[in-house]
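This is the structure I want to talk about, given as structure tokens.
Order of the sequence lines fixes the chain letters, A, B, ..., with proteins taken first and strands second; residue numbering starts at 1 for each chain.
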Protein chains: 2
Amino acid sequence: MTIHKGIRTGGRSARVQQSIHEAVKLLLESHDRADVTVPMVAQQAGVTPSTIYRRWGDLATLLADVALERFEPDDKLPDTGSFPGDLMAYAEQYLDEMSSSLGRSMLRDVAASDDSQCAGRCADIITTRLTILTDRAQARGEDYPPPDQVVDRVFAPMVYRIIFSKTAPDVDYVRQLVDQCLSEKSA
Amino acid sequence: MTIHKGIRTGGRSARVQQSIHEAVKLLLESHDRADVTVPMVAQQAGVTPSTIYRRWGDLATLLADVALERFEPDDKLPDTGSFPGDLMAYAEQYLDEMSSSLGRSMLRDVAASDDSQCAGRCADIITTRLTILTDRAQARGEDYPPPDQVVDRVFAPMVYRIIFSKTAPDVDYVRQLVDQCLSEKSA
DNA sequence: TCGCTTAACGCAAATTATTTGTGTTAAGGT
DNA sequence: ACCTTAACACAAATAATTTGCGTTAAGCGA
């Protein structure tokens with residue numbers, strides 16, 4: 001018994017949603033983000049445009065939804081044996097994924113989403129993953145900063161520069177952020 | 001002799017641009033950002049839609065352009081007599097402007113802009129204003145952090161929370177950011 | 001398992017937004 | 001004052017979005 005009262009999550013609906021998500025991802029590889037349209041996605045996915053409009057409302061919402069799905073991690077965070085190492089590895093991986101042209105536009109799509117749940121979930125993903133790292137640290141008996149502080153000191157600056165700066169941040173910059181974050185009190 | 005080679009910046013062009021900007025600002029007060037359209041703006045401004053499409057390309061670009069104009073400060077930064085006071089005043093003012101529903105959507109519009117110059121100028125405005133504050137601090141003989149560090153420590157977290165967090169940051173949070181930023185070495 | 005209800009879809013017509021071709025106006029330079 | 005042509009208005013052509021309605025099948029309960 002599902003919790004939802006009437007909203008259908010499986011069967012054909014699930015297949016349609018998946019094929020539309022796939023279509024977006026496929027089109028985004030060969031086309032510029034600016035010239036992919038709803039009818040284009042619909043044709044690629046083998047559905048009618050009205051299906052997409054009825055479900056997502058507009059292209060921006062759909063793109064944000066797909067981007068969010070991509071942010072959802074499928075791989076485990078590598079355990080380097082120490083919190084500083086774990087954090088550095090995650091931060092570098094995040095930079096690598098998000099500073100690319102595609103990652104950048106995905107970040108923009110989510111940021112632009114007027115649905116506050118969408119952008120919120122994006123932030124939740126980072127916080128959740130950081131909590132995994134701090135849990136590990138605690139289990140090891142290490143000293144560590146709270147996840148919120150890591151967000152402020154490392155990920156917020158990184159995301160800010162990716163979105164607003166003309167030049168993408170490099171690895172050295174991220175290392176600096178992590179080092180500075182770790183050389184402080186745990187509040 | 002203007003530097004531009006053929007691009008017209010005055011006379012009718014300037015009047016049309018201004019009336020379109022005014023129209024956007026007016027419409028954004030009574031309508032939700034999601035349901036203002038190009039033809040709607042055109043009618044309000046007394047121009048034809050094709051004028052807007054030819055000049056800005058699409059609604060998103062126009063909205064980002066108008067938002068950027070609004071970010072451009074018309075008032076002077078208040079001189080409180082010390083760098084900590086100046087910075088706190090500016091940070092609080094920024095929070096006040098950007099955490100409103102309108103400010104939030106303006107920030108999103110600029111962030112979503114695929115024109116890298118647009119988002120870049122948004123960041124430049126902050127850095128430029130911070131440089132004014134550090135120049136004052138230097139003239140007073142105060143110790144102060146470099147503008148880039150203030151961006152990382154104060155404005156990046158603030159903007160990140162405004163865009164991605166479900167709940168807007170409050171004044172206490174910003175005060176904490178400023179305090180923490182100032183209690184560090186000037187790198 | 002078998003119906004029942006209705007969410008989600010396809011299809012096509014109606015509406016609205018965007019692009020494009022052409023003529024006109026006036027900004028910026030000579 | 002006189003060119004050149006950027007920027008605009010207008011309207012026709014195209015493309016995107018919305019909407020009405022019939023059909024399919026997901027989720028639910030007997």
* Go through the steps for A/Thr51 and A/Thr48 under the test side chain to side chain donor-acceptor pair (under 3.5 Å), then give the verdict. => CA-CA 6 Å; A/Thr51 295; A/Thr48 55; 3.3 Å; yes
* Asked: B/Met40 has an atom CE; how far is it from atom C1' of C/dT16, in whole Å?
  -> 11 Å
* **Side-chain ion pair, B/Arg136 and B/Asp86, N-O less than 4.0 Å** => yes
* Asked: Think A/Thr48 has a side-chain N or O under 4.0 angstrom from the OP1 or OP2 of C/dC11?
  -> no
* Asked: Given atom CD1 of A/Ile20 and atom C1' of C/dA8, what is their separation to the nearest angstrom?
  -> 11 Å
* So with a 6.0 Å cut-off around CZ of B/Arg121, is the heavy-atom count from everything else above 12? -> no
* Asked: Do the two ring centres, one from B/Phe155 and one from B/Tyr94, sit under 6.0 Å apart?
  -> yes
* Euclidean distance, atom CH2 of residue B/Trp56 to atom P of D/dA7 [Å, nearest integer] -> 11 Å
* Structure fact -> Rounded to whole Å, the CD1-P distance (A/Ile7 to C/dA8) equals 7 Å
* d(CD, A/Gln43; P, D/dA16) in whole Å -> 11 Å
* **Spacing of B/Asp35 atom CG relative to C/dT16 atom P, expressed in whole Å** => 14 Å
* Distance check: side-chain N/O of B/Thr37 vs OP1/OP2 of C/dA17, anything under 4.0 Å? -> yes
* Can you give one letter per nucleotide of nucleotides 19-26 of chain D, going 5' to 3': B for a protein heavy atom under 4.0 Å from the base, S for sugar-phosphate only, - for none? -> BBB--BBB
* Determine, stepwise, if the pair A/Asp58 / A/Thr61 fulfils side chain to side chain donor-acceptor pair (under 3.5 Å). => CA-CA 6 Å; A/Asp58 58 16; A/Thr61 305; 2.6 Å; yes
* **Shortest side-chain distance from B/Pro39, nucleotide among C/dG10, C/dA17, D/dA16** => C/dA17
* To do: Let me see the working for B/Val159 and B/Ile163 under side-chain contact (heavy atoms from CB on, under 4.5 Å), right down to the final yes or no.
  => CA-CA 6 Å; B/Val159 169; B/Ile163 291 181; 3.9 Å; yes
* When the distance from CD1 of A/Ile52 to C1' of C/dA8 is rounded to whole Å, what number comes out? -> 14 Å
* Ignoring hydrogens and angles, tell me if any N or O in the side chain of B/Arg33 forms a donor-acceptor pair with the backbone of B/Leu28 under 3.5 Å. => no
* Using a cut-off of strictly less than 4.0 Å, decide whether A/Arg55 has a side-chain nitrogen or oxygen near OP1 or OP2 of C/dC9. => yes
